[in-house]
2 protein chains.
Amino acid sequence: MRIEDEIHQKEFTDDYRRLLVNLLFTNNWVNQQVMPFFKRLGLTLQQHNVLAILRGQHPEPVCFGDIQNRMVDRNSNVTRLIDKLIEKGFATRDICQANRRMIEVRLTEKGMKKLQEVDDRFPELLEHFHNLSQEEALLVSNKLDKLRG
Amino acid sequence: MRIEDEIHQKEFTDDYRRLLVNLLFTNNWVNQQVMPFFKRLGLTLQQHNVLAILRGQHPEPVCFGDIQNRMVDRNSNVTRLIDKLIEKGFATRDICQANRRMIEVRLTEKGMKKLQEVDDRFPELLEHFHNLSQEEALLVSNKLDKLRG
DNA sequence: CATAAATATTTGTATGCACAAGTAATGTAT
DNA sequence: ATACATTACTTGTGCATACAAATATTTATG
């Protein structure tokens, strides 16, 4: 459905303005697909993002700064995210002995299993994106890369 | 910059997954351009969205339900948004005499001036999108429409 | 006409996020 | 060695958001 119809607006003054509004609107749409998906699995999007980063280094630990730099949403408060993951038994935290300002975060077995569970169901989530062909998905992705510069 | 490099990930298992992450990441990027822009003008993105909807009907009033249906972010709590706008003197609220369940919201002169101020500066904001050509902006916008179905 | 259903908005609450200030450990310069 | 700056993480606070329940008004039904 055209963005003009979605928000009941006649037309946009220019294509960039249309793109801006469309990106904001589409983001809400994406969140409405993604949030319930993760909620059903007992995670938030960002908690899952951290778990995936931890798996990338497993069994090596990852420190907070590195987690932050690899996150899709850089504004997250890593301290409190990790608190939640530890509370749920998906991660552990230890002070790094080489540099005691740093915290080593590791994935647990339980966290690993939860990630596997997410992976198993991921195709369900991606189905929502199949209105675009694979070529179109790739094209849009590349244009978004270009947009951000 | 490629999304893989932004989040330090080697590569994605498939193009749809890449698109999903790219949309989420790009949304954060967009917010980082948009939020400070509106903050400098003493508004939030959503407050501006409501003001623009009110202008669309001015001098006729708009009721809450219609505002909600036209908003880019449908999850907003319209009651509390309008409270803020009235507090700032940008809008007024009256009970509709024809149907007293409904609230008529109108733009004030002050609100109109604030919108004009935003319009005057809008080109600054849109500059951030000029990494894409006008054709590309249009293309991406159309693909996003298609994605949502 | 009384009652139930539907509509439109409001309020409560728990959670999440943004931003700023705070703490603790380490590095650097004199 | 001491003082200052930097780094890495933590905490506090106010504001925004999501979701559910509540209220008030109108419409529909027997």
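Letters A, B, ... are given to chains in the order of the sequence lines, protein chains preceding strands, and every chain is numbered from 1. For the numbers below, each heavy atom of this structure counts, side chains included, while hydrogens, waters and symmetry mates do not. Being a predicted model, the structure only gives us computed values, none of them experimental.
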Check nucleotides 1-8 of chain C for protein N or O atoms closer than 3.5 Å to its own N or O atoms and list the pairs.
unit_1 : atom_1 : unit_2   : atom_2 : d
C:dT7  : O2     : B:Arg101 : NH1    : 3.1

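Straight-line distance from the CZ atom of B:Arg80 to the P atom of D:dA20: 15 Å, rounded to whole Å. The distance between atom NZ of B:Lys84 and atom P of D:dA16, rounded to the nearest whole Å, is 5 Å. Separating the CG atom of B:Asn49 from the P atom of D:dT17 is a distance of 12 Å, rounded to the nearest angstrom. The interatomic distance linking B:Gln68 (CD) with C:dT9 (P) rounds to 9 Å, in whole Å. B:Leu85 places its CG atom 14 Å from the C1' atom of D:dA16, with the value rounded to the nearest Å. The distance from atom CG of B:Asn31 to atom P of D:dC15 is 20 Å, rounded to the nearest whole Å. Residue B:Arg93 contributes atom CZ, which lies 9 Å from atom C1' of C:dT9 at whole-angstrom precision.
Under 3.5 Å, the side chain of A:Arg100 and the base of C:dG27 form no donor-acceptor pair of N or O atoms.
A:Phe122 carries B:Arg17 over the face of its six-membered ring, with the cationic atom under 6.0 Å from the centre and within 45° of the normal.
A donor-acceptor pair is defined here as one N or O able to donate and one able to accept, closer than 3.5 Å; such a pair exists between the side chain of A:Lys88 and the backbone of A:Gly42.
The salt bridge (charged side-chain N to carboxylate O under 4.0 Å, His left out) analysis of residues 41-62 of chain A, with sequence neighbours excluded, yields the pairs A:Arg55-A:Asp119.
Side-chain N/O atoms of A:Gln116 and A:Asp120 include a donor and acceptor closer than 3.5 Å. Between A:Asn49 and A:Asp73, the side chains place no donor N or O within less than 3.5 Å of an acceptor N or O (distance only, hydrogens not considered).
The distance from atom CG of B:Leu147 to atom CG of A:Asn131, rounded to the nearest 0.5 Å, is 6.5 Å.
Judged by closest nucleotide on DNA chain D, A:Asn77 is the one of B:Gln97 and A:Asn77 placed further toward the 5' end.
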